[in-house]
A.B. asks: 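This structure is in C-alpha cells; I'll ask about it shortly.
Only heavy atoms go into these numbers, but all of them, side chains included; no hydrogens, no water, no symmetry mates. Each ligand, and each atom within it, is numbered from 1 in the order the structure gives. Quick note: residue numbers are just sequence positions, from 1.
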Amino acid sequence: MDYLISVSFGELTLKGDNRKDFENRIIRKIKKAIADFEVEEFYKEQGKVYIKADRELFDEMIEQIKKVFGIFYICEVLRTEKKLENIREATRVLVSDLGINEEKTFKVFVNRVDKKFTPKSPELSRDLGGVVLKNFGNLLKVDVHNPQMPIYVDVKEYVYVYVKRYKGFGGLPIGSSGRGLLLLSGGIDSPVAGFVMGKRGMEIGAIHFHSYPFTSERGEEKVKDLAKILSNYVGKFTMTSINLLPIQKEIASKCPEKEITILGRIFMMKIAEKLAIKQNYHALITGESLGQVASQTIQGITVVDKSTEISILRPLIAMDKTEIIDIARTIDTYETSILPFEDCCTVFLPKHPVTKPKIEDINNSLALLEVDKLIDEALANKKVYEINEQ
Ligand code: ATP
Ligand code: MG
C-alpha cells in the first residue's frame with residue numbers, strides 16, 4: 001500500500017488528436033511544476049496521472065500542481081492491489097490516517113473502470129461501507145444523499161482509495177489556444193484578464209505603458225511584480241514597456257481635451273497591435289469591464305475596435321468588480337495591485353471625458369497627429385523585460 005498524488009484533467013469534449021495533444025501538454029506542465037521534487041513513480045492510467053513521492057512533500061507538491069491549467073482535481077490516494085481483502089484494508093487505513101475526531105456522514109463511491117472486477121460497484125460500496133462502520137461507527141454514519149465525507153474508490157489496474165480531493169482551476173494547458181498580448185496596467189483588472197485567458201490555454205505576453213517621468217520608476221517595478229505573480233500561472237513571458245508620454249503630450253496640445261483619454265487608449269491599442277503583429281500574437285487582451293469607468297462604455301469600446309484590426313479579447317467585460325477582486329485575491333495579485341502608484345492614464349485626465357465618442361470626431365482628431373510616426377517612435381524606445389516565475 002502506497003500513498004500517491006493523482007491528478008485528473010481534461011475537458012470531456014476534447015477528442016482524438018486534440019485530446020492527445022492536450023494530455024501531452026498537461027503532462028509536461030505537471031512534470032515541470034514538480035521538477036524540484038524527488039519523484040519515485042510517474043505514470044498515466046486512464047485519464048489520470050499518478051505520482052509517487054515522499055508523503056511529507058505532498059502539500060508542497062499539490063500547491064505547485066494546482067497552478068497548472070487544465071487540471072480539475074488533485075487527490076491524495078492510497079494505492080493497493082486489486083483484491084477485496086486489500087481494498088478493505090486500504091479503506092480502513094485511509095480513514096484511520098485521516099484522524100477523524102468528530103461525527104461525520106460518509107458514503108463510498110466506487111468507480112469500477114475494470115468492468116471484469118467483482119464484486120460490482122454497488123456490492124463493493126456496501127462492503128466497504130461496512131468496513132468503515134465496523135471500525136469507525138462511533139463517529140461515522142452513512143448518508144447516501146448528502147455525505148460530508150465522500151470516500152472514493154477507483155478500480156483500475158490497481159485500486160485507489162481516497163478522500164482528500166483538491167480542486168484545480170480547470171481550463172486548458174497554456175499553449176493550446178494561441179498567443180495573446182496582454183495590456184498590463186498596474187490595476188486590479190488586467191492581471192486577472194491575463195490569468196483567465198491563460199486558463200483558457202492562451203500563451204501570454206505583456207505590454208505596459210508608462211508616462212515617465214510623470215509616473216515613477218517604482219510604478220513600473222509594481223507592474224513587473226504583478227507580471228511575476230502572473231507568470232506563476234502562465235509561465236515565463238516577455239513584457240514590453242513603452243513610454244506614452246510624448247504621445248500624450250501631442251494629444252494634449254493638439255486635440256480636444258475631452259478626447260484625451262480615448263485617444264490615449266487608441267494609441268495604446270495601435271502600438272500593442274503593431275507589436276503583436278511583429279511578435280506573432282493572435283490577439284490583444286485587456287481588463288476592460290463594461291461601464292466600470294468613463295472610457296469603458298460600449299461607445300468607447302466600439303471606437304477603439306474601429307481604430308484597430310486585430311482581435312481584442314476582453315474576458316472581464318461582463319464581470320462585476322467584486323467578482324474580479326475575488327479572482328485577484330485567489331491568484332495573489334490583489335495586494336500588489338492596490339499599492340498606490342500613478343498609472344499613465346491618470347496623468348492627463350480630462351475634467352469631462354467624452355463617454356460616447358463618435359468615430360468621425362475621433363478620426364478628425366487623429367488626422368491632427370502624425371499617428372504612424374508617433375507609434376514608431378514609441379516602439380523604438382521600448383524596454384523589454386523577461387518575466388520569470390518567482
Ligand atoms: P486595470 O485595473 O487593469 O488598470 P482599470 O479599471 O484601471 O483597469 P482602465 O485604466 O480603463 O481600467 O484600463 C482598461 C484596460 O486597459 C486595462 O485593464 C488594461 O488592459 C489596459 N490599460 C490601461 N492602462 C494601461 C497601461 N498603463 N498599460 C497597459 N495597459 C493598460
Ligand atoms: Mg488602470
A.B. asks: Does only the side chain of Leu244 get under 4.0 Å from ligand 1, or the backbone, or both, or neither? Count heavy atoms.
C.D. replies: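 None of Leu244 does.
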A.B. asks: Could you pull out, from Met269, Glu288, Arg265, the option with a heavy atom nearest to atom 16 (O) of ligand 1?
C.D. replies: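 Closest candidate by heavy-atom distance is Arg265.
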A.B. asks: Does any N/O atom on Pro191 come nearer than 3.5 Å to any N/O atom on ligand 1?
C.D. replies: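 No.
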A.B. asks: Can you confirm if the aromatic rings of Phe169 and Phe195 lie within a centre distance of less than 6.0 Å?
C.D. replies: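 Between Phe169 and Phe195, which both carry aromatic rings, the centre distance is below 6.0 Å.
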A.B. asks: Measure centre to centre between the rings of Phe209 and Phe267, then say whether the value is under 6.0 Å.
C.D. replies: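 Distance test on ring centres: not under 6.0 Å, no.
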A.B. asks: Going by the closest heavy atom to atom 5 (P) of ligand 1, which one wins out of Leu184, Thr261, Asp189, Thr286?
C.D. replies: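 Residue with the shortest heavy-atom distance to the ligand atom: Asp189.
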A.B. asks: Could you tell me whether Lys31 sits above the aromatic face of Phe42, with NZ or CZ closer than 6.0 angstrom to the six-membered ring centre and within 45 degrees of the axis?
C.D. replies: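 Verdict for Phe42: a cation-pi partner in Lys31.
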A.B. asks: Examine the proximity of ligand 1 to His210 and report which part, side chain or backbone, both or neither, has a heavy atom under 4.0 Å away.
C.D. replies: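 No part of His210 is near ligand 1 at this cut-off.
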A.B. asks: Should Arg314 and Asp305 count as an ion pair when the cut-off is N to O under 4.0 Å?
C.D. replies: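 Answer for the salt bridge query: yes.
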A.B. asks: Which option wins on minimum heavy-atom distance to atom 20 (O) of ligand 1: Ile312, Ile338, Leu183?
C.D. replies: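 Result: the heavy atom closest to atom 20 (O) of ligand 1 is in Leu183.
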A.B. asks: Give a yes or no on this: more than 12 heavy atoms of other residues, nucleotides or ligands lie within 6.0 Å of atom CD of Glu56.
C.D. replies: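 Counting neighbours around CD of Glu56, 12 or fewer heavy atoms of other residues, nucleotides or ligands fall under 6.0 Å, so no.
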A.B. asks: Taking N or O atoms only and a 3.5 Å limit, does Met268 qualify as a polar contact for ligand 1?
C.D. replies: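 No - when backbone and side-chain N and O of Met268 are compared with those of ligand 1, no distance drops under 3.5 Å.
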A.B. asks: Show the atoms of ligand 1 that are less than 4.0 angstrom away from any heavy atom in His208.
C.D. replies: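 Every atom of ligand 1 under 4.0 Å from some heavy atom of His208: 27 (N), 28 (N), 29 (C).
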A.B. asks: Any side-chain heavy-atom pair from Tyr3 and Asp97 closer than 4.5 angstrom?
C.D. replies: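 Of all side-chain heavy-atom pairs linking Asp97 with Tyr3, at least one is under 4.5 Å.
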A.B. asks: Using a 4.0 Å heavy-atom cut-off, which part of Ile207 comes near ligand 1: side chain, backbone, both, or neither?
C.D. replies: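 Contact part for Ile207 vs ligand 1: backbone (N, CA, C, O).
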A.B. asks: Going by an N to O cut-off under 4.0 Å, is there a salt bridge joining Lys321 and Asp189?
C.D. replies: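 Judged by the 4.0 Å cut-off on N to carboxylate O distance, Lys321 and Asp189 do form a salt bridge.
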A.B. asks: Ignoring angles and geometry beyond distance, decide whether Ile285 reaches within less than 3.5 Å of ligand 1 through its nitrogen or oxygen atoms.
C.D. replies: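 Among all N and O atoms of Ile285, none is under 3.5 Å from an N or O of ligand 1.
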